[in-house]
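The structure appears right after this line, and notes come after that.
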Protein chains: 2
Amino acid sequence: MNLKDITQSLKDSGYKLTPQRIAIIKVMLSFDKPVSASKAHQKLKEHHPNVSLDTIYRSLHLLSSLGIVTQINLANRERELFELAHHHHHLVCLKCGKVICFDACPMSCTETEEIAVNQNFSIVSHAFEVYGYCSNCK
Amino acid sequence: MNLKDITQSLKDSGYKLTPQRIAIIKVMLSFDKPVSASKAHQKLKEHHPNVSLDTIYRSLHLLSSLGIVTQINLANRERELFELAHHHHHLVCLKCGKVICFDACPMSCTETEEIAVNQNFSIVSHAFEVYGYCSNCK
DNA sequence: ATCCATGCAAACGGTTTGCAATATA
DNA sequence: TATATTGCAAACCGTTTGCATGGAT
């Protein structure tokens, strides 16, 4: 998804296109890994010092409700992280917090779906994170 | 792991055996799913009204450092959850928060280990959670 | 002109910490 | 007795909210 698609999606849903929202979307597009709201704020301040942290939270939650952004909680970090929605999983360094994304998906090969059927549970999404030490920290 | 094993492990590591710690371990043994510190506190108050929430946090972190307790963060819940350590994964209901544990493990069948080797990443642990709606909520 | 979105500042809630009192070994 | 542990209360920090101002449609 690019900037045009995302702004169109906002308009289609009846939300206004403000400079702050555009700036936030651009910043999210510039990251290739999950980031905290305050990390996004930091990056944003370089060129848009006038966007408040509250607005970042509100915009990310809005984008999240439209399925444009995904929200995750990694086991060893206290803060919520956000990233543009696309299906993948993460290697997470327990020391430095570095996140490496990868595409392999466990759903294709576990008996998870079978288990869900037995429990009469309907699957919506899933999370798979692998923790350890990156090349610098091990 | 039972009460004896756990208290022994505490003693072996030079920690003192207090009534509070024993009560906390017993409560954790009584749960078969991850619980928040305050949920444990609630249950504890039934028979041990004199254990403070701070002590629960401190004890759970201590047990966590000994590998007796595991700490997880589910995507849709804000609070940290704790459970006695044993390897498994979770189905999590997005509506009522119900957690169903299951044993199937995705590590055995994804190419994750291969990816880790390519990234020079050493794996310590992993998390796999499946979100959706339970039989009551769907 | 209307009403949504923003910024500010304060509230919130779960978690952590300093310190003095207490209990374990 | 010495030292780790506890309880209390306050601090902490990321996140959320109320409200008045300002901006997009």
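Letters A, B, ... are given to chains in the order of the sequence lines, protein chains preceding strands, and every chain is numbered from 1. Just so you know, these numbers come straight off a predicted model, no measurement behind them.
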> Is the phosphate of D:dT5, meaning OP1 or OP2, less than 4.0 Å from a side-chain N or O of B:R58?
Replying inline: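 False: B:R58 side-chain N/O out of range (4.0 Å or more) of D:dT5 OP1/OP2.
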
>> Looking at A:Q20, I'd like to know whether one of its side-chain N or O atoms comes within less than 4.0 Å of OP1 or OP2 on D:dG23.
In response: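 No, outside the criterion.
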
If we only count heavy atoms from C-beta on, is the [X] to [Y] side-chain gap below 4.5 Å?
{"X": "B:V35", "Y": "B:M28", "answer": "yes"}
{"X": "A:K43", "Y": "A:S30", "answer": "yes"}
{"X": "A:F128", "Y": "B:P106", "answer": "yes"}

> What residues, two or more places apart in sequence or in another chain, satisfy side chain to side chain donor-acceptor pair (under 3.5 Å) together with B:S9?
Replying inline: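 Side chain to side chain donor-acceptor pair (under 3.5 Å) check on B:S9 returns nothing, list empty.
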
Report the distance from atom [atom1] of [X] to atom [atom2] of [N], rounded to the nearest whole Å.
{"X": "B:L60", "N": "C:dG14", "atom1": "CG", "atom2": "C1'", "value": "14 Å"}
{"X": "A:H41", "N": "D:dT16", "atom1": "NE2", "atom2": "P", "value": "15 Å"}
{"X": "B:L63", "N": "D:dT5", "atom1": "CG", "atom2": "C1'", "value": "14 Å"}
{"X": "A:I24", "N": "C:dA5", "atom1": "CD1", "atom2": "P", "value": "12 Å"}
{"X": "A:I56", "N": "C:dA5", "atom1": "CD1", "atom2": "P", "value": "17 Å"}
{"X": "B:Q42", "N": "C:dG14", "atom1": "CD", "atom2": "P", "value": "11 Å"}
{"X": "B:L53", "N": "D:dG7", "atom1": "CG", "atom2": "P", "value": "11 Å"}
{"X": "B:I22", "N": "C:dT24", "atom1": "CD1", "atom2": "C1'", "value": "11 Å"}

So which protein N/O to nucleotides 9-11 of chain D N/O distances come out below 3.5 Å?
{"unit_1": "D:dA9", "atom_1": "N6", "unit_2": "B:D54", "atom_2": "OD2", "d": "2.5"}

>> Contact list please: residues 10-18 of chain B against DNA chain C, heavy atoms, distance less than 4.0 Å, in numerical order.
In response: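 B:K16, B:L17, in order of number.
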
> Atom CD1 of A:I56 and atom CD of A:Q42: how far apart are they, to the nearest 0.5 Å?
Replying inline: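 So the CD1 of A:I56 and the CD of A:Q42 are separated by 10.0 Å.
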
> Does the gap between the ring centers of A:H126 and B:H90 come in under 6.0 Å?
Replying inline: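 No, the ring centres sit 6.0 Å or more apart.
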
> Can you get from A:I123 to B:V99 by hopping between Ile, Leu, Val, Met, Phe, Trp and Tyr side chains that sit under 4.5 Å apart?
Replying inline: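 No, no single cluster joins them.
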
>> Check for me, please, whether B:I100 and B:Y131 land in the same ILVMFWY cluster - side-chain distances under 4.5 Å, paths through other members count.
In response: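 The answer is no; the residues belong to distinct hydrophobic clusters.
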
>> Checking the side chain of A:T7 only, and the main-chain atoms of A:L3 only, is there a donor and an acceptor separated by less than 3.5 Å?
In response: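 Present.
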
> Closest to the B:H61 side chain: C:dT16, C:dG7, D:dG7?
Replying inline: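 When the side chain of B:H61 is considered, C:dT16 is the closest of C:dT16, C:dG7, D:dG7.
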
